[in-house]
Structures are given as structure tokens and as C-alpha cells.
Amino acid sequence: MSEEKKSLNFLEQIIEEDLANGMPKENLRFRFPPEPNGYLHIGHTKAIGISFGLGERYNAPVNLRFDDTNPAKEEQEYVDAIKKDVSWLGYQWDQELYSSDYFQELYDWAVQLIKDGKAYVDSQTSEEMREQKGTPTEVGKNSPFRDRSVEENLDLFNRMKEGEFEEGTYVLRAKIDMASPNMLMRDPLMYRILKKAHHRTGNDWVIYPMYDWTHGESDYLEQISHSLCSLEFKPHRELYNWFRDNVYEYSKSDFPNPPKQREFSRLNLSYTIMSKRKLLKLVEEGIVNGWDDPRMPTISGLRRRGYTPASIRNFIETVGVSKRENVIDVALLEFKIREDLNKTANRVMGVLDPVKVVITNYPEDKEEVLIAENNPEDENSGTRMVPFSREIYIEKEDFREEANKKFFRLKLGKEVRLKNAYFITANSCTKDADGNITEIQCTYDPLTKSGSGTEESKRKVKGTLHWVSVKHAVKAEVRAYDRLFLDEAPDAHKDKDFMEFVNPDSLEKIEAFVEPSLQTAKIGDRFQFQRLGYFNVDDDSTPENLVFNKIVGLRDNWAKKK
RNA sequence: UGGCCUAUGGUGUAAUUGGCAACACACCGGUUUUUGGUACCGACAUUCCAGGUUCGAGUCCUGGUAGGCCAACCA
């Protein structure tokens with residue numbers, strides 16, 4: 001057993017240190033805590049991969065906890081989508097939990113804090129409170145209601161809960177320090193009145209706990225050992241600890257293990273955006289056809305596009321974890337799906353931009369069935385039959401009347417190999433009135449049949465073309481995608497809105513011809529269209545109208561040099 | 001008139017914690033090839049700057065500089 005020495009990332013180092021300092025391994029417990037207010041995207045996959053990855057590494061449970069404290073933005077639809085996405089990625093959570101499950105417990109602890117003089121009801125407007133809050137460089141001022149008596153606070157808080165007051169009239173605040181250099185410690189809100197139905201608790205509650213109060217205590221109730229989140233929550237850590245330490249005093253016998261929050265940098269991907277709010281805008285404005293549009297960086301979009309869970313997990317793994325701002329080149333993601341599909345996707349032939357080739361010395365009515373290897377990378381993938389006849393389609397760009405030596409494809413007087421078939425030589429071509437080539441006349445060498453073992457079939461030629469027999473071709477719609485944004489970092493411009501960089505030509509619908517074996521392809525099946533790229537069968541596809549998505553093109557050194 | 005965080009090739013992550021800067025992607029060049037794919041080989045860095053400690057510094061110290069986050073009854 002050769003142990004590959006893999007260096008630990010900083011989170012693993014923290015855990016190893018805790019373990020070394022006496023934390024029992026059984027205490028390790030993690031969580032992934034999405035708010036069900038949108039669809040998961042590739043950025044979330046990093047957070048998912050970190051916490052679930054740690055769970056796998058240390059054989060520790062990982063909870064899926066929905067952070068559902070804002071009924072105004074959350075919906076069951078999102079809960080369902082998130083569960084589907086996490087499962088699809090191949091992760092199994094220990095318990096499915098909801099912050100809303102803890103509303104009563106949270107309320108009781110809040111009452112306790114009030115009794116201890118550590119929280120108070122404020123009756124100012126949000127504007128007034130904002131003014132008193134100060135700025136990062138100026139200390140804040142105490143609220144005039146900061147010193148209300150415990151009795152009055154208790155009464156008010158209870159009446160808030162009972163629904164006696166309108167939204168915006170009262171809030172519960174933690175009494176900490178209005179002069180703290182950390183804005184979050186300047187008497188943060190714990191509860192606000194929200195008279196909205198919650199997707200799980202319905203109308204049971206009209207006061208809802210805020211993130212900071214909820215999140216840490218949910219971690220605590222679940223006895224999460226390491227609460228991992230992204231960097232922007234770093235300033236929240238002080239408050240996280242304040243709440244945690246105060247509550248700990250009330251309940252350490254029931255919940256002996258205080259959790260700790262640690263932060264890592266979130267994932268950014270070039271040529272796209274990673275903000276639920278902005279992604280929602282693309283959906284709402286019809287820039288894309290929904291959250292699962294194959295151009296979206298959402299998990300559901302990537303899934304529909306044809307990405308495999310393995311490719312995404314590999315991607316996340318090689319991206320790594322650190323605390324510095326980063327932008328990952330989308331080329332790495334593309335590499336990961338090619339790497340996966342190269343080994344697993346069967347090869348087929350499809351012509352996206354066809355021009356007809358007539359093999360003039362091939363008998364009019366003759367048809368033969370050729371044997372084609374499904375996947376040269378996989379011995380067990382077998383072979384399939386591909387029909388051949390006198391008339392075939394090839395790609396327009398695979399023929400030129402004349403071209404230099406660097407052009408390995410078909411040109412007049414030159415011979416190329418047809419993949420799995422024969423060698424052909426172009427003799428002439430016909431054009432329409434505009435000079436477009438409409439047909440190419442070739443002759444074939446009958447002795448060069450692929451797999452026949454003849455000396456002729458082993459001739460070396462520079463070019464091998466993919467093709468589809470005209471008579472047997474199956475029509476299919478191919479959707480080819482370009483990046484959704486033309487700028488490398490569309491939402492990083494201070495002076496420009498990300499919408500300005502939307503690529504108007506990110507979707508191209510192509511009427512293509514594919515080989516007949518694809519007639520029976522099922523939704524989700526992935527193929528390599530030889531020489532073109534990887535494609536999958538889209539959800540819209542039917543046996544009558546096949547629809548393929550282009551997942552990603554093959555690496556193309558020729559295109560680069562042109 | 002602040003607090004906190006972060007600086008290693010084009011990108012991202014490493015560096016046995018003070019000992020030959022490594023891996024992957026991208027880019028460039030080559031070999032193989034019935035995919036201009038795959039595979040394989042090669043090229044690609046004065047570790048943000050300036051001082052200091054040390055036989056030895058990406059790592060420690062001092063001082064700068066740059067970038068990020070923090071003023072929602074959002075999470």
C-alpha cells in the first residue's frame with residue numbers, strides 16, 4: 001500500500017490539530033446549510049465538497065440544513081431542487097434539518113438572554129437604527145430603548161410573538177457594544193416581525209430569527225464541530241462566538257460541544273457569475289430558459305448540459321481550498337468533463353454543417369454496413385454498425401477546392417480516409433449561383449475498407465473525416481453553447497453592470513445529421529461526436545425529434561492555429 | 001478616520017513547518033495516432049516591494065504596497 005502523501009488544506013489542518021488536542025473523532029460533525037431561496041450553483045459545490053468531503057474523510061456525519069429564516073424569499077421548490085442537486089452530486093447527508101425546526105428553542109433562549117439583560121426590544125425605525133449604528137470608522141450611539149427593564153422587554157417580546165404589532169415596529173436586539181470596531185457587534189438584530197407564511201411553519205410564527213442568531217445556535221443544537229462557510233462571514237465569527245458562549249451557559253449539560261466557525265474563500269469561475277440574485281435576474285428577464293438552462297452555472301444547468309457528477313467533484317477537488325480570492329479558469333471545468341467523457345462516452349458520427357459527397361464509382365444501389373469501434377479508450381465498449389452508401393454528408397469545413405499542406409482534409413485531387421470506411425479522392429465539385437459548394441464528387445478505392453487488413457487500407461493519410469450516409473441519416477437538433485458572458489469577470493466591474501456583458505450569441509440551434517444508431521438514444525445519454533466534441537441528449541428530446549446539447553468541444557489544435 | 005483577512009508562474013493549489021519552489025489547467029514546441037481527440041515527451045517563476053535575522057528565508061522579524069470583506073428588520 002503506497003500511501004500517496006497529500007498535503008492537508010488549512011481546514012484539514014485545523015481539524016487534525018483539534019483531534020491532536022483531544023477532540024474525540026466521534027465528535028466530528030459537519031453541515032451544509034443552504035438557504036432555500038434559489039438553485040445551487042457550481043460555487044455551492046465547493047462548500048458542499050468541503051463539508052461532505054470532510055465527512056467522507058473522517059467518516060463523520062454531515063447534515064443538510066436548510067437555513068429557512070426568511071419566509072419572504074424561501075420556497076419548497078428550492079428545497080426540492082437543492083436536495084436533488086446534492087444527491088445527484090453523489091453526497092449523502094446524515095439528517096435533513098431545518099433552522100425553522102429550532103424556532104421554539106431559539107425563542108426560549110432569547111427570553112433567557114432578555115432575563116439576563118443581554119437582549120432588549122427596540123422600537124425605533126430601521127432608519128433610526130441605521131443612523132445610530134455609525135460607520136466602520138465612527139462608533140455608534142446607544143438606542144434610547146437600550147435600557148428598558150427586563151419586565152418591559154419580556155412583555156414586549158411576548159407581544160411581538162403574539163402578533164400584536166405590525167411589521168417594522170419592534171425588533172429584538174442583542175445588547176453588546178455600539179462602539180465595537182466590528183459593525184456586527186453593535187447591538188445586532190435577533191428578531192424581526194414578519195407576517196408572512198413560512199413554507200414549513202405556516203403562520204405559527206410572526207417573528208423570525210435573524211441569520212446570526214439562528215445559524216450558530218443551529219450548529220450548536222446539532223453539535224456541529226466545525227461550521228465552515230465562506231470568507232465574507234469572517235466578521236460574523238465574533239458574533240457567532242458571543243451568542244454561542246452565552247447560550248452555552250444555559251445548556252452545556254445537554255449540548256456539551258461548542259462549534260467553531262472557520263472560513264474559506266468562495267469559488268469564482270471565469271466568464272460567468274456566481275450570485276443567486278444575479279442568476280435569478282437572468283432567469284426572470286428571459287436571458288436564459290430557466291434555472292436549468294444548459295448555459296447556467298447552476299448544478300441543474302450543468303446536469304442538463306451533460307456534465308457528470310464525477311467531473312464536477314474532480315473539478316472541486318483540484319481547485320482546492322484556501323483563504324484567498326480566486327477566479328478559476330472555466331477551461332479547468334471543461335478539462336474535467338473531457339477527461340471523464342473521453343473514457344466513458346461512446347463515439348458516434350454526426351455532421352453539423354453538411355455538404356453532400358457523391359462517390360461516383362460506388363454502385364447506385366449498394367449499401368453496406370461497416371463496423372465501428374464504440375470507444376478506443378474502453379476495450380469493453382464493443383462495436384456498432386454504421387451504414388455506408390454512395391452519397392454521404394461531410395462537414396463543409398472539411399473540404400476546400402485548394403489549400404496548403406497544413407490542411408489535412410479533403411481537397412481536389414487529394415485523398416483522405418473516411419472514418420471506419422474507405423479512402424476517397426475528390427475530383428470535382430459543383431456550386432450554386434453564389435459560389436457555394438453544393439456537392440463534391442469523389443471516387444473511392446474499394447481496396448481500402450477499414451478493418452479489411454489489406455495493404456491499401458493501411459496507407460498513411462493525414463486526414464480522417466467523419467461522415468453520415470445521406471440515405472440513412474437521422475435529422476437532429478443540436479444546441480451549441482457559447483459562454484454566457486463575453487467578459488472574463490462580468491460582475492467585477494465597478495462602473496459596469498454585469499448585464500452589459502451578456503453574450504447575445506450564447507445559443508446556436510443547428511439542424512444536424514447523425515448516424516442511425518442514435519435513433520434510440522435516451523435522454524441524458526452522452527456521446528462523443530467524433531472530431532467535434534461531447535454531446536448529450538437533452539430533456540426536450542423525443543424519438544421523433546432528437547435534441548442534443550453540445551457539452552464541450554474537443555480540444556482543437558487546428559482551430560487554434562488557423 | 002477604524003477593524004479584520006489575503007498576497008507563490010497566465011490560472012488555481014502545494015512546499016516534509018527554516019533546507020534543491022512541486023502538481024494540475026492554460027499557452028507554446030515535439031512523438032504516436034483510422035478523431036488536428038487521447039496518450040507520451042519537452043518548454044514555461046528572481047515566491048508583491050524594501051530592509052533585517054540566519055550557513056541557509058516563499059516560510060521568521062520590521063516597515064511599506066496592493067487586493068478583499070464589514071454600516072440589510074438578507075443569508
Side-chain angles (χ1 to χ4, degrees), chain A residues 5-9 13 33-35 37 67-70 72-74 99 122 125-126 129-131 133-140 167-173 180-184 186 189-194 207-208 210-212 214-215 229 231-238 263 265 267 270 276-277 315 318-336 338-339 342-343 347 349 372-373 376-377 406-409 417-421 423 450-451 457-466 528-533 553-561:
Chain A
K5 61 171 177 189
K6 226 192 108 211
S7 53
L8 302 179
N9 67 45
Q13 284 178 24
E35 182 187 12
N37 68 341
D67 225 335
D68 55 349
T69 57
N70 186 356
K73 295 205 287 186
E74 295 150 5
S99 294
D122 203 333
T125 64
S126 59
M129 282 189 279
R130 175 156 36 83
E131 278 163 31
K133 198 157 196 174
T135 68
T137 56
E138 261 175 283
V139 300
E167 286 187 14
T169 54
Y170 291 90
V171 293
L172 184 74
R173 291 228 257 174
S180 171
N182 184 349
M183 299 291 290
L184 284 152
R186 325 246 260 226
L189 265 57
M190 292 175 66
Y191 279 91
R192 78 288 211 187
I193 298 170
L194 240 33
I207 57 171
Y208 288 91
M210 301 288 288
Y211 164 81
D212 286 293
T214 311
H215 196 98
C229 59
L231 234 36
E232 68 270 27
F233 290 97
K234 178 69 215 287
H236 293 250
R237 188 149 116 193
E238 193 180 357
E263 312 80 11
S265 59
L267 170 77
S270 62
K276 274 193 215 170
R277 202 193 86 241
F315 168 72
T318 79
V319 154
V321 187
S322 74
K323 294 173 80 164
R324 67 165 148 161
E325 299 293 324
N326 60 78
V327 182
I328 313 291
D329 192 340
V330 70
L332 181 62
L333 217 211
E334 295 176 345
F335 167 78
K336 289 296 177 183
R338 282 193 200 105
E339 182 187 44
N342 176 51
K343 295 191 214 98
R347 266 115 255 228
M349 293 193 285
E373 207 178 3
E377 304 291 319
K406 292 273 184 68
F407 186 76
F408 299 165
R409 286 110 108 133
R417 183 197 297 271
L418 291 176
K419 180 82 184 172
N420 300 129
F423 288 65
S450 288
S457 71
K458 292 172 184 164
R459 276 207 294 265
K460 297 284 180 200
V461 283
K462 276 287 197 180
T464 299
L465 307 187
H466 62 279
Q528 184 197 91
F529 285 16
Q530 279 174 121
R531 301 212 303 135
L532 297 177
L554 257 26
R555 257 185 76 207
D556 190 351
N557 287 319
W558 166 245
K560 280 177 203 154
K561 283 173 194 163

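Order of the sequence lines sets the chain letters (A, B, ...), proteins ahead of strands, with each chain counted from 1.
Residue A:Val139 is classed as having no contact, given no heavy-atom separation below 4.0 Å to the nucleic acid. Here A:Gln13 lies in heavy-atom contact (under 4.0 Å) with a base. Among the heavy atoms of the strands lying under 4.0 Å from A:Phe335 are primed sugar atoms or P, OP1, OP2 only; no base atom is included. At the heavy-atom level, A:Lys276 lies nowhere under 4.0 Å from the strands shown.
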- Item | Candidate pair A:Ser450 and A:Asn420, rule side chain to side chain donor-acceptor pair (under 3.5 Å), full reasoning | CA-CA 5 Å; A:Ser450 288; A:Asn420 300 129; 5.4 Å; no
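Without hydrogens or angle criteria, A:Asp329 side chain to A:Ser270 main chain gives no donor-acceptor distance under 3.5 Å.
In this structure, A:Pro136 and A:Arg186 approach most closely via the heavy-atom pair N-NH2, 4.5 Å. The minimum heavy-atom distance linking A:Tyr208 with A:Leu194 is given by the pair CE1-O, 3.2 Å.
If you run side-chain contact (heavy atoms from CB on, under 4.5 Å) between A:Ile328 and each of A:Thr318, A:Leu333, A:Val319, only A:Val319 comes through. Applying the side-chain contact (heavy atoms from CB on, under 4.5 Å) test between A:Lys419 and each of A:Glu373, A:Met349, A:Arg347 identifies A:Met349 as the sole match.
You'll find that the side chain of A:Leu332 is closest to B:C25, out of B:G12, B:C25, B:G2. For A:Arg409, the side-chain atoms get nearest to B:G36 when compared with the rest of B:A26, B:A14, B:G36.
Across all strands shown, nothing is found opposite B:U35 as a Watson-Crick or G-U wobble partner with both distances under 3.5 Å. With a cut-off of 3.5 Å on both Watson-Crick or G-U wobble distances, the partner of B:G18 is given as none. As the counterpart of B:C60, B:G52 is assigned, both hydrogen-bonding distances of the Watson-Crick or G-U wobble pattern falling under 3.5 Å. In a base pair of the Watson-Crick type (N1 to N3 plus N6-O4 or O6-N4) or a G-U wobble (N1-O2 and O6-N3), with each distance short of 3.5 Å, B:U46 is matched with no nucleotide. Base-pair partner of B:C23: B:G12 (Watson-Crick or G-U wobble, both distances under 3.5 Å). Figure legend. B:U6 is base-paired to B:A66; pairs are counted as Watson-Crick or G-U wobble with both atom distances under 3.5 Å.
Dashed line: the shortest gap from a side-chain N or O of A:Arg555 to OP1 or OP2 of B:U38 is under 4.0 Å. Put simply, A:Lys323 has a side-chain N or O that comes within less than 4.0 Å of OP1 or OP2 on B:U6. Remark: A:Asn557 is in phosphate contact with B:G37, judged by side-chain N or O atoms under 4.0 Å from OP1 or OP2.
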Any N/O pairs under 3.5 Å between the protein and nucleotides 29-35 of chain B? List them or say none.
unit_1: B:U34; atom_1: OP2; unit_2: A:Lys460; atom_2: NZ; d: 3.4
unit_1: B:U34; atom_1: O4'; unit_2: A:Arg417; atom_2: NE; d: 2.9
unit_1: B:U34; atom_1: O2'; unit_2: A:Lys419; atom_2: NZ; d: 3.1
unit_1: B:U34; atom_1: N1; unit_2: A:Arg417; atom_2: NE; d: 3.4
unit_1: B:U34; atom_1: O2; unit_2: A:Asn420; atom_2: N; d: 3.3
unit_1: B:U34; atom_1: N3; unit_2: A:Ser450; atom_2: OG; d: 2.6
unit_1: B:U34; atom_1: O4; unit_2: A:Ser450; atom_2: OG; d: 2.3
unit_1: B:U34; atom_1: O4; unit_2: A:Gly451; atom_2: N; d: 3.1
unit_1: B:U35; atom_1: O2; unit_2: A:Gln528; atom_2: OE1; d: 3.0
unit_1: B:U35; atom_1: O2; unit_2: A:Arg531; atom_2: N; d: 2.9
unit_1: B:U35; atom_1: N3; unit_2: A:Gln528; atom_2: OE1; d: 2.5
unit_1: B:U35; atom_1: O4; unit_2: A:Arg347; atom_2: NH1; d: 2.4

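For B:U62, the base adopts the anti conformation, since its glycosidic angle falls more than 90 degrees from zero.
Looking at heavy atoms from C-beta onward, A:Lys323 lies out of side-chain contact with A:Lys234 at the 4.5 angstrom threshold. The shortest side-chain heavy-atom distance between A:Gln530 and A:Thr464 does not fall under the 4.5 Å cut-off.
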- Can you give one letter per nucleotide of nucleotides 68-75 of chain B, going 5' to 3': B for a protein heavy atom under 4.0 Å from the base, S for sugar-phosphate only, - for none? SSSBSBBB
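Residues satisfying the side-chain hydrogen bond (donor to acceptor under 3.5 Å, both in side chains) criterion with A:Arg531, sequence neighbours excluded, are A:Asp398, A:His466.
Here, B:U16 and B:A22 have their C1' atoms 12 Å apart, quoted to the whole Å.
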